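Structure, as structure tokens:
Proteins get letters first, then strands, A, B, ... in listed order; numbering begins at 1 in each. Just so you know, these numbers come straight off a predicted model, no measurement behind them.
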Protein chains: 2
Amino acid sequence: MTANILVVEDEPAIQELLAFNIAQCGYRAIEAYDADGAWTHINHALPDLILLDWMLPGSSGVELARRLRADQRTRNIPIIMLTARTDERDKILGLESGADDYITKPFSPRELMARIRAVLRRRAPQMSDETVVAGGLELSPAMHRINANGAMIDLGPTEFRLLHFFMTHPERVYSRSQLLDQVWGDHVFVEERTVDVHIRRLRQALEPSSLDRLIQTVRGSGYRFSCN
Amino acid sequence: MTANILVVEDEPAIQELLAFNIAQCGYRAIEAYDADGAWTHINHALPDLILLDWMLPGSSGVELARRLRADQRTRNIPIIMLTARTDERDKILGLESGADDYITKPFSPRELMARIRAVLRRRAPQMSDETVVAGGLELSPAMHRINANGAMIDLGPTEFRLLHFFMTHPERVYSRSQLLDQVWGDHVFVEERTVDVHIRRLRQALEPSSLDRLIQTVRGSGYRFSCN
DNA sequence: CGATGGTATGACAGAATTGTGACAGTAGCA
DNA sequence: TGCTACTGTCACAATTCTGTCATACCATCG
């Protein structure tokens with residue numbers, strides 16, 4: 001899973017340092033030098049994480065962070081703020097504006113990478129765009145479409161993610177809490193029984209195609225998507 | 001399975017609330033009221049998770065966290081920090097000192113338990129997930145499935161655990177009380193005869209594949225799973 | 001051969017787990 | 001702003017699982 005990290009930083013030297021460390025860790029760094037450049041990149045492809053400098057030419061990093069939080073598409077992208085000062089007020093402002101974490105320059109690359117990993121680990125896994133085929137179903141994340149033996153099936157966002165997870169992890173039993181972690185994200189706090197309800201809704205949607213038995217209950221353990 | 005959670009909290013009311021919720025979730029709460037008490041418990045038996053209050057009499061929670069991280073034995077025990085303040089700076093400090101997660105009072109028990117589960121799950125991925133093969137049977141804990149010469153066998157939770165134990169401990173006789181300890185857990189109180197009933201149910205499930213003779217009765221001693 | 005102690009089996013009620021329909025709050029959208 | 005669709009939760013129904021008996025069965029031994 002190579003995550004794309006958008007680095008918004010106007011100083012080339014630091015930009016380069018960050019890019020080097022990020023690449024070292026197996027992630028891909030995308031460079032932006034101001035808020036406008038950042039938006040361009042974001043509109044082109046949503047990054048998995050944004051490393052955002054507090055001081056930017058034009059509009060500040062905090063402002064960009066606010067804009068990111070206001071937009072539905074970018075709302076859930078984690079942000080780590082970078083600042084040159086140790087000014088405490090900056091920390092408060094940065095975190096209030098929606099940043100997930102915060103680090104001051106000069107920082108040790110090791111600490112930064114540790115935080116990046118922590119933030120990435122915490123976020124809900126991203127769904128790839130590849131079409132998945134399993135058990136007579138064809139699911140295309142890009143088009144948000146499901147083809148069941150020629151019939152189209154419409155699902156809500158949650159059921160869609162749930163089915164996508166099952167289709168990419170077939171034949172294996174997942175407990176309710178594992179499903180919550182994988183499909184809802186491990187920072188969400190909902191009742192475990194909520195999973196049951198969504199399983200039911202998913203089965204209900206698959207029923208017209210007689211594919212509802214693909215999702216099996218394993219009493220005492222959880223649920224399983226089985227192609228047999 | 002039942003994880004021990006050390007709760008380091010000086011306020012009895014909160015201690016009790018935490019203990020109640022932890023017990024509710026099936027974990028065991030161990031109580032400590034200060035850093036020294038915590039060390040005593042830790043030296044006695046390593047907990048699976050530590051719930052640590054930020055404000056403690058004597059040395060602070062952060063200090064205890066640092067000490068835990070410095071010690072080889074306790075380095076890998078996950079820590080969740082509790083704090084009364086909503087000051088984001090504490091969050092930074094807490095995470096820097098080695099905590100795995102962080103929660104502010106007042107917290108919802110549900111959120112706290114969700115985090116506990118998440119942390120425990122991250123740290124301890126399923127242990128014996130490996131497929132076991134013995135006596136013409138193939139048992140996969142991950143899929144919660146049993147393959148008997150191509151035929152799928154469905155078992156209830158108890159029979160599944162029983163068969164899993166037998167397959168991982170073949171050719172040896174176990175008494176009823178040993179089986180109760182190993183399969184049911186050594187804290188439950190059930191009649192020894194109950195084992196007979198579950199043995200029968202297991203044999204019944206294996207019968208269609210003519211594999212019921214794998215489980216042999218040793219009169220006066222117990223039962224044995226034999227591959228011959 | 002019958003007595004004896006241990007084991008197998010079928011039935012059953014209570015416990016535990018899961019399925020289901022309803023509902024209110026919320027978020028997205030026009 | 002109002003409308004629509006989606007979510008999470010609950011209460012209750014339906015199902016399955018468990019532990020315990022009572023009884024039938026069997027090996028062993030006097």
Side-chain angles (χ1 to χ4, degrees), chain A residues 69-76 124 144 146 153-164 173-181 183-207 212-225, chain B residues 1 24-26 108-111 113-114 144 153-164 173-181 183-185 187-207 212-224:
Chain A
R69 285 295 178 256
D71 192 317
Q72 188 210 320
R73 297 167 306 158
T74 59
R75 182 167 302 163
N76 293 316
H144 202 274
I146 297 159
I153 291 181
D154 244 334
L155 292 179
T158 304
E159 280 78 33
F160 192 87
R161 288 199 309 275
L162 185 57
L163 180 58
H164 182 264
V173 177
Y174 291 93
S175 70
R176 290 174 176 72
S177 50
Q178 284 177 312
L179 290 172
L180 283 179
D181 275 1
V183 178
W184 276 256
D186 65 0
H187 60 289
V188 176
F189 311 109
V190 293
E191 289 291 324
E192 288 198 346
R193 292 292 260 103
T194 298
V195 174
D196 297 34
V197 179
H198 284 276
I199 290 281
R200 175 179 150 276
R201 288 170 179 160
L202 183 50
R203 279 172 172 159
Q204 218 163 26
L206 295 176
E207 200 171 12
D212 53 308
R213 74 181 68 183
L214 284 173
I215 295 166
Q216 304 165 348
T217 304
V218 180
R219 184 165 256 261
S221 299
Y223 296 95
R224 170 179 51 205
F225 181 89
Chain B
M1 183 61 195
Q24 200 76 359
C25 282
S108 82
R110 179 183 299 165
E111 179 182 359
M113 297 322 295
H144 207 275
I153 293 180
D154 260 325
L155 293 178
T158 304
E159 279 77 45
F160 193 88
R161 288 199 309 274
L162 185 58
L163 179 58
H164 184 260
V173 179
Y174 289 93
S175 71
R176 290 174 176 73
S177 57
Q178 283 177 311
L179 289 172
L180 281 180
D181 279 358
V183 178
W184 274 255
H187 58 287
V188 294
F189 174 72
V190 290
E191 289 291 325
E192 288 200 345
R193 289 266 152 249
T194 299
V195 175
D196 297 33
V197 179
H198 284 277
I199 290 281
R200 175 185 148 272
R201 287 170 180 160
L202 183 49
R203 280 172 171 159
Q204 213 163 31
L206 295 176
E207 201 171 12
D212 53 308
R213 76 179 93 178
L214 285 172
I215 295 166
Q216 303 165 347
T217 304
V218 181
R219 194 181 173 81
S221 302
Y223 297 95
R224 171 180 48 202

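- Few gaps surround CG on B/D212; more than 12 heavy atoms of other groups in view lie less than 6.0 Å from it.
- Rounded to whole Å, the distance from CZ on A/R200 to P on D/dC10 is 17 Å.
- The CD atom of B/Q204 sits 9 Å away from the C1' atom of C/dG10 (whole-angstrom rounding).
- Every residue two or more places apart in sequence or in another chain that forms a side chain to side chain contact (heavy atoms under 4.5 Å, CB included) with A/Q216 is listed here: A/R224, A/S226, B/R145.
- Rounding to the nearest 0.5 Å places CD of A/E159 at 11.0 Å from CG of A/D154.
- For the pair B/Y223/B/T217, a side-chain contact is recorded, criterion being any heavy-atom separation below 4.5 Å from C-beta on.
- Atom CG of A/D196 is separated from atom P of D/dA14 by 17 Å (rounded to the nearest Å).
- Contact annotation for B/F160: no contact, since no heavy-atom pair falls under 4.0 Å across all strands.
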Tell me, with the steps shown, if B/I199 and B/L162 meet side-chain contact (heavy atoms from CB on, under 4.5 Å).
CA-CA 8 Å; B/I199 290 281; B/L162 185 58; 4.1 Å; yes

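- Under the 4.5 Å side-chain criterion, counting only non-hydrogen atoms from C-beta, B/L155 is in contact with B/L202.
- Here A/Y223 reaches the OP1 or OP2 of C/dG19: one of its side-chain N or O atoms lies under 4.0 Å away.
- Here the P atom of nucleotide C/dA8 and the CG atom of B/L202 are 12 Å apart, to the nearest Å.
- Applying the ring pair (Phe, Tyr, Trp, His ring centres under 6.0 Å) rule to A/F225 yields no partners; only residues at least two apart in sequence or on another chain are considered.
- Distance, A/I199 CD1 to D/dG8 P: 13 Å, rounded to whole Å.
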Reading nucleotides 17-28 of chain D from 5' to 3' and marking B where a protein heavy atom lies under 4.0 Å of the base, S where only the sugar-phosphate is that close, and - otherwise, the string is SBBBB-----B-

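- In this structure, A/R203 atom CZ and C/dG21 atom P are separated by 13 Å, rounded to whole Å.
- What separates CD of B/Q216 from P of C/dA8 is a distance of 12 Å, to the nearest Å.
- Here the P atom of nucleotide D/dT16 and the CG atom of B/D154 are 12 Å apart, to the nearest Å.
- Note that the two end axes of the helix from C/dC1-D/dG30 to C/dA30-D/dT1 enclose an angle of 20°, each drawn from 5 base pairs, rounded to 10 degrees.
- Residues passing the salt bridge (charged side-chain N to carboxylate O under 4.0 Å, His left out) test with B/D196 are B/R176, B/R193, sequence neighbours excluded.
- Applying the salt bridge (charged side-chain N to carboxylate O under 4.0 Å, His left out) test to pairs two or more places apart or on separate chains, none has a residue in residues 197-207 of chain B.
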